[in-house]
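These notes are about the structure you will find just below.
Below, chains carry the letters A, B, ... as their sequence lines are ordered, and counting in each starts from 1.
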2 protein chains.
Amino acid sequence: MMDPDKMSSSDRLLWAAINLISEKGYNGVTTQEIAAAAGLSEKTLFRQFGSKQNLLESALDRFHYAEEMRTLFQEKLVWELEADLLTVCRTYHAVMNRNRKLIQISMKDEAQLPGFKERSRQHPLQLLDFLTNYFIAMGERGKLIQTDPRLQAFTFMMSQFGAFLNDLEAGDNYPDIALEPYMLASVRLFARALTP
Amino acid sequence: MMDPDKMSSSDRLLWAAINLISEKGYNGVTTQEIAAAAGLSEKTLFRQFGSKQNLLESALDRFHYAEEMRTLFQEKLVWELEADLLTVCRTYHAVMNRNRKLIQISMKDEAQLPGFKERSRQHPLQLLDFLTNYFIAMGERGKLIQTDPRLQAFTFMMSQFGAFLNDLEAGDNYPDIALEPYMLASVRLFARALTP
DNA sequence: AATGTATGTCAGTGGTTACTGACATCAGGA
DNA sequence: TCCTGATGTCAGTAACCACTGACATACATT
C-alpha cells in the first residue's frame, strides 16, 4: 500500500478520504473520521481544503487513465492478435486497478460529482476507438475476420470491464478464478473467435 | 414504469425509496423526501416501517433472481450453442434489468446492507455452475471444444455482466451500441470461439 | 350511529455534522 | 531570539435529520 508517515499532511488527508469514502460513501463518512484516519485534527482538514466537498474533488483529481493507453497503441503492438490482446488486457487491468478506489467512489457517489462522470467516460470510449481501429487494420492484413469490428472490440472490452468490476465488488467470491488465468483464457478465446 | 396511484401506501413508499436511494444513495436521501415522493406524510412512513433502515431492507426483499435461471437450464435449452447462448443471454439481461435499481443500491450502499451482498452473490455463482455444466455436456456431445469450460463460462458471463453494468452507469455513453445488437454479436462471437 | 383503521398535521427532541473563531503549541529559519 | 507557518485544542453554531407523541380527519364496516 502506502505509508502515511512519509506523506505531507494534505496527501495524508486525501489518502484517508479516498480509503474511507470508497468504503462507506461520501455521506457515510464524517470529516472527523477522515482527519482521525489521517492522524490529523479536523481543523487541519478544513484549513487545507476548505470544505468536505472540495476534499472529495481534490481526491478525484488523482484519477489517471489515458496516457498508457494512448502510447500502448503506438508502441507496444506486434500485430499478432493473441499477443496484442494480452498486452491490451494487462494494461487495462493495471490502469483500472491503480484507480480502483476512485472508481468505487465514482460509482457510489456520482450524485456528489458533477461532471466527473462525463469526463471519465471519455477514456473507455477512446479505448474502444483504438481497439476498433486495430481490428480494422488487422482485418486489412488478413489476420482477423471482417465482420463488425466495433462490436467485437466492445465485447472484448466488456468482458474485461465485467471481470474488473466483479473482482472489485465480489473480490473473493470466485476463489477458483484469479485474474491472471482469466486474462489468458479470455484472450485465447477471443483470439480463436476472431482469427480467420 | 409503474403507476403509484394504484399502489398501496407501503408499496408506494417502497417504490419511492427504491427510486431515490438508487439515485442518491441511502445517506443522500431523507425520509421526508421519500415520503413526499410517495405522496404520503413522513409519519406514515415510520408507522409502516418503523425505521429508515427497515424501509431499505424491505425494499431489498423485492430482489428476485434465481427462479428463471433455474428453470432455464432444465427446459429451454435446445443443445445448439448459438441459440442456447442467446437464450441465456436474454434471460440474464431480463433478470438484471428487472432488478436494475436494487443492484444500483447494493453497489452504492453495501455498507448499509449486512448480509445482502453475500446472499446475492450466490446467484451468479449458480449461473456459472449451470453454464459450466452445460459447456461440459456440450463438449461430451462433440459440439464444443474441450479446454476449460469454467473459464469459458466465466468469460461469457463477464462480457454480459460488463455490458449490463456499463449500460447501468453509462447509459447513453455509447449511442451507437444498443443492448440487443450487442447480445447478438457477442453470442455469435462466443459461438465461433467455442465451436470445434 | 358507533367504531376501527389508515392517514395527516404540528410541534417537538435528541443526536449528528460541517464548519468556525480564539488561542495555544511547536518546530525551523532569519 | 524572534518570527513564521503549520498544527492542535476547545468550545460553539447553525443546520439537518431520524423519529415521536398528541390530536385531528376521513372513510369504511358493523
Side-chain angles (χ1 to χ4, degrees), chain A residues 2-61 105-106 108-114 116, chain B residues 2-61 105-106 108-114 116:
Chain A
M2 207 154 284
D3 187 4
D5 293 354
K6 296 174 188 162
M7 300 157 60
S8 75
S9 289
S10 49
D11 278 348
R12 271 157 61 189
L13 286 165
L14 291 170
W15 173 82
I18 290 174
N19 283 330
L20 288 172
I21 297 177
S22 68
E23 277 174 32
K24 314 209 254 176
Y26 180 78
N27 289 313
V29 185
T30 71
T31 49
Q32 263 198 8
E33 275 182 277
I34 296 173
L40 295 167
S41 77
E42 200 184 359
K43 186 83 211 185
T44 304
L45 186 158
F46 283 101
R47 269 198 274 249
Q48 300 261 7
F49 294 98
S51 74
K52 187 187 180 187
Q53 176 74 26
N54 185 259
L55 172 63
L56 172 63
E57 283 164 19
S58 303
L60 263 294
D61 285 342
I105 293 177
S106 84
K108 292 189 188 191
D109 294 301
E110 14 160 4
Q112 307 287 340
L113 300 166
F116 178 76
Chain B
M2 208 155 284
D3 187 5
D5 293 354
K6 294 173 189 161
M7 298 158 59
S8 75
S9 289
S10 49
D11 278 348
R12 270 155 65 189
L13 287 165
L14 289 171
W15 173 82
I18 290 174
N19 282 330
L20 288 172
I21 297 178
S22 69
E23 277 175 30
K24 313 208 259 176
Y26 179 78
N27 288 312
V29 185
T30 71
T31 50
Q32 263 197 10
E33 275 182 277
I34 295 173
L40 295 166
S41 76
E42 199 185 357
K43 185 83 211 184
T44 305
L45 186 157
F46 282 101
R47 270 199 274 249
Q48 301 261 7
F49 294 98
S51 74
K52 187 187 180 187
Q53 176 74 26
N54 186 259
L55 171 64
L56 172 63
E57 282 166 19
S58 304
L60 263 294
D61 285 342
I105 293 177
S106 83
K108 294 189 188 195
D109 293 301
E110 12 156 8
Q112 308 287 338
L113 300 166
F116 179 77

Could you check if a side-chain atom of A/D61 sits within less than 4.5 angstrom of a side-chain atom of A/L14, using non-hydrogen atoms only? no
For A/L56 and C/dC19, give me the distance from atom CG to atom P, rounded to whole Å. 12 Å
Find the distance A/L13:CG to D/dG8:C1' and express it as a whole number of Å. 13 Å
Do any of residues 42-49 of chain A sit with a heavy atom less than 4.0 Å from DNA chain D, and if so which? A/K43, A/T44, A/R47, A/Q48
Test: salt bridge (charged side-chain N to carboxylate O under 4.0 Å, His left out). Region: residues 24-45 of chain B. Which pairs qualify, not counting sequence neighbours? B/K24-B/E33
How many Å lie between CG on A/L40 and C1' on D/dT9, as a whole number? 14 Å
Measure the distance from CD on A/Q53 to C1' on C/dC19 and round it to the nearest whole Å. 14 Å
Can you measure B/R12 atom CZ to C/dT7 atom C1' for me and round it to whole angstrom units? 11 Å
Contact under 4.0 Å: A/S9 side-chain N or O vs D/dT7 OP1/OP2: yes
Could you say whether A/V29 or B/S41 is positioned toward the 5' end of DNA chain C, judged by the nucleotide with the nearest heavy atom to each? B/S41
What is the separation between atom CG on A/D11 and atom P on D/dA6, rounded to the nearest whole Å? 15 Å
Side-chain donor/acceptor of B/E23 to backbone N/O of B/G28, under 3.5 Å: no
Which nucleotide wins on minimum distance to the side chain of A/T30, given the candidates D/dG8, C/dT17, D/dC19? C/dT17
Closest approach of A/A35 and A/L13, non-hydrogen atoms and distance? CA-CD2, 4.1 Å
Between D/dC19 (C1') and B/Q32 (CD): distance, integer Å: 12 Å
Between C/dT17 (P) and A/L20 (CG): distance, integer Å: 13 Å
If I compare all heavy atoms of B/L20 with all of B/A37, which pair ends up nearest, and what's the gap? CD1-CB, 3.9 Å
On the nucleotide D/dA18, are OP1 or OP2 found under 4.0 Å from the side-chain N or O atoms that B/T31 carries? yes
With sequence neighbours excluded, residues passing ring pair (Phe, Tyr, Trp, His ring centres under 6.0 Å) with A/Y26: none
Look at the side chain of A/K52 and the backbone N and O of A/V29, then say whether any donor-acceptor pair between them is shorter than 3.5 Å. yes
